[in-house]
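Following: one structure in C-alpha cells, then a few remarks.
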Amino acid sequence: MATTPVAPAPKAPKLNRIGLQILDYRGGKTTLCAGCGHNAISERITEAFFEMGIQPERVMKMSGIGCSSKSPAYFMSRSFSFNSVHGRMPSVATGALLANKTMRSLAVSGDGDTASIGMGQFVHLLRRNVPMIYIVEDNGVYGLTKGQFSATADMGSKQKSGVINDLPAIDICALAIQLGATFVGRSFSGDKKQLSAMLKAALAHQGTVLLDVISPCVTFNDHEGSTKSYKYMQEHEEEVGEVGFVPFFDDISVEYDANTTVDVEMHDGSHLRLRKIHDEYAPTDKVQAVKMLNESHDGGEVLTGVFYVNTQKQDFSTMLNMVDEPLATLPESRTRPGREVLNELMEMHL
Ligand SMILES: Cc1ncc(C[n+]2csc(CCOP(=O)(O)OP(=O)(O)O)c2C)c(N)n1
Ligand code: SF4
Ligand SMILES: [Mg+2]
C-alpha cells in the first residue's frame with residue numbers, strides 16, 4: 001500500500017536564555033538606502049541583544065539626527081527610544097540614565113552628529129564614563145544632508161564631486177581613550193564576526209563603551225578616492241587583535257594561550273579574549289593604545305579591534321553614589337525636601 005509523505009514539522013524558533021526569539025528583537029523595516037553600512041550594524045545589534053538575552057523592555061535607545069540616528073527605529077521595537085536633536089544626544093542620554101540607572105543604554109550616532117556639531121557634548125559624556133554603549137556609524141560624511149565631509153573624513157580623501165578634504169581627521173577612538181571612555185574599539189560594518197563579538201563584550205561592560213564602526217555611505221561616499229568605502233576598507237583594514245568573547249552563561253574554561261592572548265574579566269563575569277596580531281598591542285595600556293592609533297594613521301592603515309579596556313574605573317552613577325532605587329520611581333516624599341530641611345538650608349547659606 002502506498003504511503004502519503006508526511007511534511008516535516010516546522011522547526012521551532014531558537015530561544016535565547018530568557019525565552020525570547022530573534023523576532024522579539026526586530027524593529028521596523030529600514031528606509032535607508034540598500035547597501036548602507038548602517039543596515040548591517042542594525043542587524044548585528046539585533047543579534048547581539050538576542051544572543052546575550054537582554055530584555056528589550058529594559059533598554060533605552062538614544063540617538064541624535066542623521067541617517068545613522070534614524071536606525072534605532074529598525075531594531076528592538078519593544079525598547080524605549082529617544083531621537084533627540086542633532087548633536088545633543090549625550091546630554092539627553094546622561095539625564096535619562098541618571099533618572100533610571102537600572103536601564104541599559106544604547107546610543108547610535110553618526111560621525112557628523114558626534115564629531116562635528118555634537119563634539120561639545122560628546123567629550124563630557126566621555127570624561128564622565130557614563131555607563132552606556134555609544135556607537136558611531138562612521139561614513140566620513142553627512143549622509144542625510146547629501147554628503148558633505150564630516151570631521152572624521154581623512155585628509156586627502158575625495159568627495160563625489162571631486163573636492164579634496166584638506167583638513168585632518170579627528171580620530172574618535174584616540175579622543176575617547178584620552179578623555180576617559182573605558183572600552184574603546186573600532187570595527188567595520190562588513191566585518192560580521194568582529195563586530196558581533198565587540199557588541200556582546202560591550203554589553204558586559206559597566207562604563208562608557210565607544211565603538212567607532214566604519215559604515216560606508218553607498219550613495220555619497222563609496223567611490224574611488226574615498227577612505228570610507230567598502231573597497232578601501234577591504235584593502236586597508238588591519239586587525240590589531242582578534243576579538244573573542246565568552247559570555248558569563250557559557251563555559252568560561254575554554255582553553256587559550258596566555259602568551260598570545262590577553263584575557264579581561266568583564267563586570268558581569270564574561271571574558272573578553274584578545275589574541276594579539278599587532279606587535280605593540282596592549283589593550284589595558286592607555287598610552288600604548290593612543291600611540292598605536294597615531295602610528296597607524298601615519299602608515300595609512302585603518303586599525304580595527306578593541307584598543308583599550310579598563311574595568312577598574314568607576315562609572316558615573318557609582319561615582320555620584322546614586323541610590324539603588326531609580327530616581328524615576330522614587331516617591332515624592334523621598335525626592336522633595338520638606339519645609340524644615342529647606343529652612344535649614346537657607347540658614348546655612350545666609
Ligand atoms: C541643529 C541642526 N543642525 C543641522 C542639521 C542638519 N543635519 C541633519 S543630519 C546632519 C548630518 C548627519 O550626519 P551624520 O551624523 O554623520 O549621519 P549620517 O547621515 O551620515 O548617518 C545635519 C548637518 C540639523 N538637523 N539640526
Ligand atoms: S544617504 Fe548614505 S548614510 Fe544615508 S541611508 Fe543612504 S547610504 Fe546610508
Ligand atoms: Mg555620517
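For clarity, every value in this text was computed on a predicted model and none was experimentally measured. First listed ligand is number 1; within each ligand, the first listed atom is number 1. Scope of the values below: all heavy atoms of this structure, side chains included, with no hydrogens, waters or symmetry mates.
Atoms of ligand 2 lying under 4.0 Å from any heavy atom of V218, numbered from 1 in the order shown and given with element: 7 (S). Each of the atoms 14 (P), 15 (O) of ligand 1 lies under 4.0 Å from some heavy atom of D113. Short contacts between ligand 2 and L32, defined as distances under 4.0 Å to a heavy atom of the residue, involve ligand atoms 5 (S). Per-residue contacts place H38 under 4.0 angstrom from the following atoms of ligand 2 (heavy atoms of the residue considered): 3 (S). Heavy-atom contacts of H38 reach the following atoms of ligand 1: 21 (O) (cutoff under 4.0 Å). For ligand 1, the atoms closer than 4.0 angstrom to any heavy atom of G66 are 9 (S), 12 (C), 17 (O), 19 (O). Applying the 4.0 Å criterion to heavy atoms of T219 picks out, from ligand 2, the atoms 6 (Fe), 7 (S).
Closest heavy-atom contact between M155 and P168: SD-N, 3.8 Å. Across every non-hydrogen atom of E242 and E239, the tightest pair is CA-OE2, 3.8 Å.
By the neighbour-count criterion of 12 heavy atoms within 6.0 Å, atom NZ of K158 is sparsely surrounded, having that number or fewer from other residues, nucleotides or ligands.
Proximity of T145 to ligand 1, defined as any heavy-atom pair under 4.0 Å, is confined to the side chain (atoms from C-beta onward). Contacts with ligand 1 closer than 4.0 Å are made by side-chain heavy atoms of I117 only, the backbone lying farther away.
In the hydrophobic cluster analysis, where Ile, Leu, Val, Met, Phe, Trp and Tyr join through side-chain heavy atoms closer than 4.5 angstrom, F307 is grouped apart from F188. L274 and I277 fall into different hydrophobic clusters, defined by Ile, Leu, Val, Met, Phe, Trp and Tyr side-chain heavy atoms under 4.5 Å apart, directly or through other members.
Looking from atom 17 (O) of ligand 1 to the surrounding protein, the closest heavy atom is S68 OG, 3.2 Å. Of all protein heavy atoms, the one closest to atom 2 (Fe) of ligand 2 is C217 SG, 2.4 Å. In terms of protein heavy-atom proximity, atom 3 (S) of ligand 2 is closest to N139 ND2, 3.5 Å. Here the protein heavy atom with the shortest distance to atom 25 (N) of ligand 1 is I65 CG2, 3.8 Å.
The closest side-chain donor-acceptor pair between S71 and H38, if any, does not fall under 3.5 angstrom. Side-chain atoms of T304 and E238 include no donor-acceptor pair closer than 3.5 Å. For the residue pair Y134 / S105, no side-chain donor-acceptor distance below 3.5 Å is found, with atom types taken as modelled. No side-chain donor-acceptor contact under 3.5 Å links S77 and Y25. Side-chain atoms of S187 and Q194 include a donor-acceptor pair closer than 3.5 Å.
Look at C67 and atom 6 (Fe) of ligand 2: no N/O/S atom of the residue is under 2.8 Å from the metal.
Nearest residue to atom 8 (Fe) of ligand 2 from G143, C36, C33 is C36 (criterion: closest heavy atom). Summarising the contacts of atom 18 (P) of ligand 1 with C36, G143, S215, the nearest heavy atom is found in G143. Of the listed residues (H86, R88, K228), the one carrying the non-hydrogen atom nearest atom 22 (C) of ligand 1 is H86. Of the candidates A151, S116, A115, G112, G112 brings a heavy atom nearest to atom 14 (P) of ligand 1.
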Working for side chain to side chain donor-acceptor pair (under 3.5 Å), residues H205 and T311:
CA-CA 7 Å; H205 185 72; T311 54; over 6 Å; no
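Note that K61 lies in the cation-pi zone of F75, set by a 6.0 Å cut-off to the ring centre and a 45° limit from the axis.
Residue V141 places at least one N or O, backbone or side chain, under 3.5 Å from an N or O of ligand 1. Geometrically, ligand 1 and Y142 share no nitrogen or oxygen pair separated by less than 3.5 Å. Inclusion of V85 in the set of residues having an N or O under 3.5 Å from an N or O of ligand 1 is not warranted.
Under a 3.5 Å cut-off, the side chain of D191 and the backbone N or O of L195 do not form any donor-acceptor pair.
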